[in-house]
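Accompanying notes for the structure given below.
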There are 2 protein chains.
Amino acid sequence: MEISSKNQSFVYHFGEMGSKWGFNRTVGQMYALLVISEKPLTANQLASALSISRGNVSMGVKELQSWQLIQLSHVPGDRKEYYSAIGSVWDMANTVFEERRKREVDPTLSLLRSLLLEGPSDDTEVYAQNKMQDIHDLLEMITQWAAELQRLSPEQLSTLMKLGAGVSKMLSVKEQLFSKKKDPK
Amino acid sequence: MEISSKNQSFVYHFGEMGSKWGFNRTVGQMYALLVISEKPLTANQLASALSISRGNVSMGVKELQSWQLIQLSHVPGDRKEYYSAIGSVWDMANTVFEERRKREVDPTLSLLRSLLLEGPSDDTEVYAQNKMQDIHDLLEMITQWAAELQRLSPEQLSTLMKLGAGVSKMLSVKEQLFSKKKDPK
DNA sequence: TTAAACTTTCAGAAATTACTGAAAGTTCAA
DNA sequence: TTGAACTTTCAGTAATTTCTGAAAGTTTAA
């Protein structure tokens, strides 16, 4: 199977990007190709389109499945497996964030918690533990926030976006109200 | 220079994480160590603390400088250079996001724009270009949104966070108002 | 100017990661 | 039950990335 030259550029570019996002180059390429293909592709089509070995495709597919990014299907009277990308672009982004959270952020939070629980055992550790606490708090905040955003549809998100600088204005109003309530002098 | 065992765990863990975030292991370790060190460290201290070569430290420092993550300083009567991490934890996170945006998202957007500008040259490209457009739009939205958030202080962000599920409620109210205005039947 | 005290560079070596292809495994129709 | 049509596995190899250490470069004090 050959790919058109524009689609090639796309696929190769996302191969490079993939390698900065937790996949290797060929897995990135495989996924990119599935994303822009209207119909599901077979393993052999992937292998020939990307000039990689059949074995490599098999490993890549396994990896993409572990990220929950692709779907299997079959056509009647054909024993081959057909692969396609799951969901909208927004879903894909969410899935990748979610998966990376599980693989990277969660273990980090749990390490930080356990180190902080022990407490500083000498002077050099006091400063260090403060920083660890900051990192912990920031990561926790980001994860919660991300969970919040993921619940929004892209349309809602885009509305929120268009609020634009309004978000910070809204916040400052809220803060003023809040401080007045608490400290009405 | 030796590191305490808890600080070791931290440094090694962030070495591993670093390698998933665009640095290599030792660069991640160097940065982690600088972050939890109260006082600036010399290149030799970094090398001995992490058991890596002096040359490696030199390259790592260069890399961290290109990410704008560390700062140089000097002590009077000493010709060595002293390195320390720049800014708060929130600043660090912003810097890393910002730098990755420049290195990854921007080139991707520009590739997508140029492919989309050419337009589809055959049937298989029509579907592909739709997907590319979706990815383009999503990336653009995320970048703008991120820029918006970066302008907020961590305190403001945390206020926004505490709004929690409120954000989506607020949005649905806004949407209802908006749709009534536009289509009052 | 010299030389001591430092930093950077970079060729080659080491470590890590990715890929191939042949063999083993699975499934199913006949 | 056999074998054709497929998929998976994995040992060995290839490609890539990272690291070392020696040499070259820079700066400053005397």
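Just so it is clear: chains get the letters A, B, ... in the order the sequence lines come, proteins before strands, and each one is counted from 1.
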With a 4.0 Å cutoff (strictly under), does any side-chain N or O of B/Asn44 reach OP1 or OP2 of C/dC6? no
NE2 of B/His74 versus C1' of D/dT27: gap in Å, rounded? 11 Å
How many Å lie between CD1 on A/Ile52 and C1' on D/dA14, as a whole number? 15 Å
Give the rounded distance in Å between these two atoms: NZ of B/Lys20 and P of C/dT16. 15 Å
Counting heavy atoms from C-beta on, name the nucleotide in D/dT8, C/dT8, C/dC6 closest to the side chain of B/Lys80. C/dC6
Taking CD from B/Gln45 and C1' from C/dC6, how many angstroms apart are they, rounded to a whole number? 14 Å
State whether B/Thr26 places a side-chain N or O below 4.0 Å from either non-bridging phosphate oxygen (OP1 or OP2) of D/dC19. yes
Considering only side-chain heavy atoms of B/Asp78, which listed nucleotide, C/dC19, C/dC6, D/dT20, is closest? C/dC6
Would you call the rings of B/Phe97 and B/Trp21 parallel, tilted or perpendicular if under 30° counts as parallel and over 60° as perpendicular? perpendicular
Taking the nucleotide of DNA chain D with the closest heavy atom to each, which residue, A/Tyr82 or A/Asn56, is nearer the 5' end? A/Tyr82
Do B/Trp67 and B/Tyr31 have their ring centres less than 6.0 Å from each other? no
If only side-chain N and O atoms of A/Ser58 are considered, is one of them under 4.0 Å from the OP1 or OP2 phosphate oxygen of D/dT9? no
How long is the line joining CG of A/Leu72 and C1' of D/dT8, in whole Å? 13 Å
For a quick test of reading the model: is some side-chain N or O of B/Lys62 closer than 4.0 Å to OP1 or OP2 of C/dT9? yes
Do A/Val61 and A/Leu72 have side chains that approach each other closer than 4.5 Å (heavy atoms only, starting at C-beta)? no
Find the distance B/Glu81:CD to C/dT7:P and express it as a whole number of Å. 6 Å
C/dT17, OP1 or OP2 - any side-chain N/O from A/Asn24 closer than 4.0 Å? no
With a 4.0 Å cutoff (strictly under), does any side-chain N or O of A/Arg54 reach OP1 or OP2 of D/dT7? yes
Could you tell me if the side chain of A/Leu69 sits less than 4.5 Å from the side chain of A/Val96, heavy atoms only? yes
Rounding to a whole Å, what distance do you find between A/Leu64:CG and D/dT7:C1'? 16 Å
Given 3.5 Å as the limit, does a donor-acceptor pair link the side chain of B/Ser88 with the main chain of B/Asp91, or not? yes
So which one's nearest nucleotide on DNA chain C is more toward 5', A/Met59 or B/Arg79? B/Arg79
Rounded distance (Å) that lies between atom P of D/dT17 and atom CD of B/Glu16: 18 Å
